[in-house]
Amino acid sequence: MTQILIERCPRVETERLVLRKWEERDLDGVIRMNGDPRVMEFFPSLHSPEEACRYLEISLQQQEKHGFCFPVVEDKETGAFLGFCGLNVPGYSDPLPCEPCVEIGWRLIPEAWGKGIAVEAARFWLGFGFETLQLDEIVAIVVVQNRKSRRVMEKLGMRYDPAEDFDFPNVPVDDPLCRHALYRISAEQFLTQANG
Ligand SMILES: CC(C)(COP(=O)(O)OP(=O)(O)OC[C@H]1O[C@@H](n2cnc3c(N)ncnc32)[C@H](O)[C@@H]1OP(=O)(O)O)[C@@H](O)C(=O)NCCC(=O)NCCS
């Protein structure tokens, strides 16, 4: 059964990228990415190498449980670790208002920013989510001030309703990282876009 689930996260190639599941060898990349203040601007803290190691362990566990956990993005030409992008079943300390759901999310090393890489990877995973996994809807959550990430959601054709903004569980309401926006895309919206 586990093998069937893990195979739900295939290794695929897009124009410039390899998208694949997590492996132990990704640790160096995760330490660099999660320890970079530019990358972690909208997260509570930078990761120490030990925290990054724990982060990878949790990603491997979640991947085993659900078949995917924000899969890895690699440069097709060089094999370099660029970050992650893809589907995830939320497992935060408390449920999000949109749960149960499958979310899509991304985090890349700064050298990979501004080249449309998040959009290239995310388009594949939306298609996989709707066409292979037969999901009805995929959501994305983001700190309201994170314009770069919101722009990716918009470029993917995800819909935003300010009435659905919410406070992230267990973050103090006066913390600038508390308020989150929710974006949604349905199978119908995605398939209409893809075919039109
Ligand atoms: C968010 C992130 C994955 C975007 O990846 P990316 O591959 O650079 O995305 P793109 O190249 O498609 O660029 C995204 C868009 O944001 C736009 N953008 C960049 N900075 C912006 C800003 N400050 N305000 C508004 N738009 C901005 C870019 O111009 C681009 O839009 P365009 O193609 O219409 O010009 C990347 O910046 C990142 O890893 N950030 C740190 C981690 C993070 O915040 N993750 C998201 C958590 S929800």
Side-chain angles (χ1 to χ4, degrees), residues 6-23 25-30 32-34 36 38-43 55-56 59-60 62-63 66-90 101-143 145-160 181-196:
I6 289 172
E7 282 163 9
R8 287 194 184 179
C9 178
R11 181 192 184 282
V12 293
E13 295 189 1
T14 62
E15 192 188 335
R16 296 173 291 174
L17 309 170
V18 171
L19 310 177
R20 62 164 172 82
K21 58 189 188 232
W22 288 98
E23 297 174 18
R25 69 181 162 106
D26 296 316
L27 182 58
D28 285 350
V30 177
R32 245 183 318 117
M33 181 173 73
N34 289 3
D36 187 320
R38 295 167 293 177
V39 176
M40 301 304 271
E41 181 182 355
F42 297 105
F43 295 88
Y55 183 90
L56 177 59
S59 298
L60 288 165
Q62 289 291 96
Q63 176 173 269
H66 299 296
F68 44 80
C69 176
F70 293 138
V72 172
V73 178
E74 204 176 78
D75 186 311
K76 188 156 89 176
E77 211 173 286
T78 65
F81 175 91
L82 299 183
F84 66 70
C85 175
L87 304 176
N88 180 53
V89 177
C101 61
V102 173
E103 63 172 332
I104 189 161
W106 33 75
R107 184 181 301 175
L108 301 175
I109 58 169
E111 294 72 22
W113 293 3
K115 301 173 185 170
I117 285 179
V119 171
E120 182 174 326
R123 280 222 173 93
F124 169 78
W125 288 116
L126 288 179
F128 179 78
F130 291 128
E131 287 159 8
T132 304
L133 300 180
Q134 297 280 303
L135 300 172
D136 294 329
E137 182 182 66
I138 294 173
V139 305
I141 63 166
V142 58
V143 169
Q145 306 91 306
N146 189 346
R147 286 304 320 162
K148 279 197 279 277
S149 189
R150 295 185 69 158
R151 183 75 192 117
V152 173
M153 293 165 196
E154 287 157 12
K155 283 162 72 178
L156 293 168
M158 301 187 82
R159 307 277 174 91
Y160 167 62
L182 175 69
Y183 284 72
R184 299 177 184 267
I185 186 165
S186 67
E188 196 186 335
Q189 284 160 358
F190 177 79
L191 295 170
T192 305
Q193 263 177 225
N195 298 328

Checklist entry - Can you name the closest pair of heavy atoms from Met33 and Ile109 and give their distance? => result CB-CG2, 4.0 Å

Checklist entry - Do Ser186 and Asp136 touch side chain to side chain, with heavy atoms closer than 4.5 Å? => result no

Checklist entry - Do Gln63 side-chain atoms and Trp22 backbone N/O form a donor-acceptor pair below 3.5 Å? => result yes

Next on the checklist: My understanding is that only residues two or more places apart in sequence, or in another chain, count here; which of them pass salt bridge (Lys or Arg N to Asp or Glu O under 4.0 Å) with Arg25?
Outcome noted: Glu23, Glu74

Item to check | Nearest heavy atoms of Ala118 and Leu108, plus distance in Å | outcome: N-CD1, 3.9 Å

Next on the checklist: As an exercise, state the distance from CD of Gln189 to CZ of Phe130, rounded to the nearest 0.5 Å.
Outcome noted: 8.0 Å

Item to check | Smallest separation among heavy atoms of Gly67 and Cys9, with atom names | outcome: O-CB, 2.8 Å

Item to check | Set of residues satisfying side-chain contact (heavy atoms from CB on, under 4.5 Å) with respect to Arg123, sequence neighbours excluded | outcome: Val119, Leu156

Checklist entry - If you look only at pairs with a residue in residues 182-196, which of them pass as a salt bridge (Lys or Arg N to Asp or Glu O under 4.0 Å), with sequence neighbours excluded? => result Glu137-Arg184, Glu164-Arg184

Checklist entry - For Phe43, what residues pass the ring-ring contact (aromatic ring centres under 6.0 Å, His included) criterion, not counting sequence neighbours? => result none

Item to check | Test log, rule side chain to side chain contact (heavy atoms under 4.5 Å, CB included), inputs Val73 and Leu19 | outcome: CA-CA 5 Å; Val73 178; Leu19 310 177; 4.0 Å; yes

Item to check | Flag side-chain contact, heavy atom, 4.5 Å: His66 against Val102 | outcome: no

Checklist entry - Could you give the distance from CD1 (Ile185) to CE (Met158), rounded to the nearest 0.5 Å? => result 6.0 Å

Checklist entry - Given the rule in the side chain to side chain contact (heavy atoms under 4.5 Å, CB included) test, do Gln62 and Val89 qualify, once you have shown the distances and angles that lead to the verdict? => result CA-CA 8 Å; Gln62 289 291 96; Val89 177; 5.5 Å; no

Checklist entry - Does anything in residues 150-160 pair up under salt bridge (Lys or Arg N to Asp or Glu O under 4.0 Å), and if so which pairs, sequence neighbours excluded? => result Arg147-Glu154, Arg151-Glu154

Item to check | Pairing residues for Leu191 by the side-chain contact (heavy atoms from CB on, under 4.5 Å) criterion, not counting sequence neighbours | outcome: Glu131, Asn195

Item to check | Spacing of CG belonging to Leu135 relative to CD1 belonging to Ile104, to within rounding of 0.5 Å | outcome: 10.5 Å

Next on the checklist: Could you work out, with ring-ring contact (aromatic ring centres under 6.0 Å, His included) as the rule, every residue matching Trp125, not counting sequence neighbours?
Outcome noted: Phe128

Checklist entry - Can you name the residues that form a salt bridge (Lys or Arg N to Asp or Glu O under 4.0 Å) with Arg16, not counting sequence neighbours? => result Glu120

Checklist outcome for this item: salt bridge (Lys or Arg N to Asp or Glu O under 4.0 Å) filter on Asp36, not counting sequence neighbours, yields Arg38

Checklist outcome for this item: Sorted by chain and number, sequence neighbours left out, side-chain contact (heavy atoms from CB on, under 4.5 Å) with Ser149 holds for Trp106, Val142, Asn146, Met153

Next on the checklist: Taking ring-ring contact (aromatic ring centres under 6.0 Å, His included) as the definition, give me every residue that meets it alongside Tyr160, ordered by chain and number, with sequence neighbours left out.
Outcome noted: Tyr183

Donor-acceptor pairs under 3.5 angstrom involving side-chain atoms of residues 76-87: please list them, not counting sequence neighbours.
| unit_1 | atom_1 | unit_2 | atom_2 | d |
| --- | --- | --- | --- | --- |
| Lys76 | NZ | Thr14 | O | 2.8 |
| Lys76 | NZ | Glu15 | O | 3.1 |
| Thr78 | OG1 | Ala80 | N | 3.1 |

Checklist entry - Out of curiosity, Asn88 CG to Phe70 CZ, how far, rounded to the nearest 0.5 Å? => result 4.0 Å

Next on the checklist: Please report the interatomic distance CD1(Ile138) to CG(Leu126), rounded to the nearest 0.5 Å.
Outcome noted: 5.0 Å

Item to check | Exercise: identify the closest heavy-atom pair between Leu56 and Asp26 | outcome: CD2-C, 4.3 Å

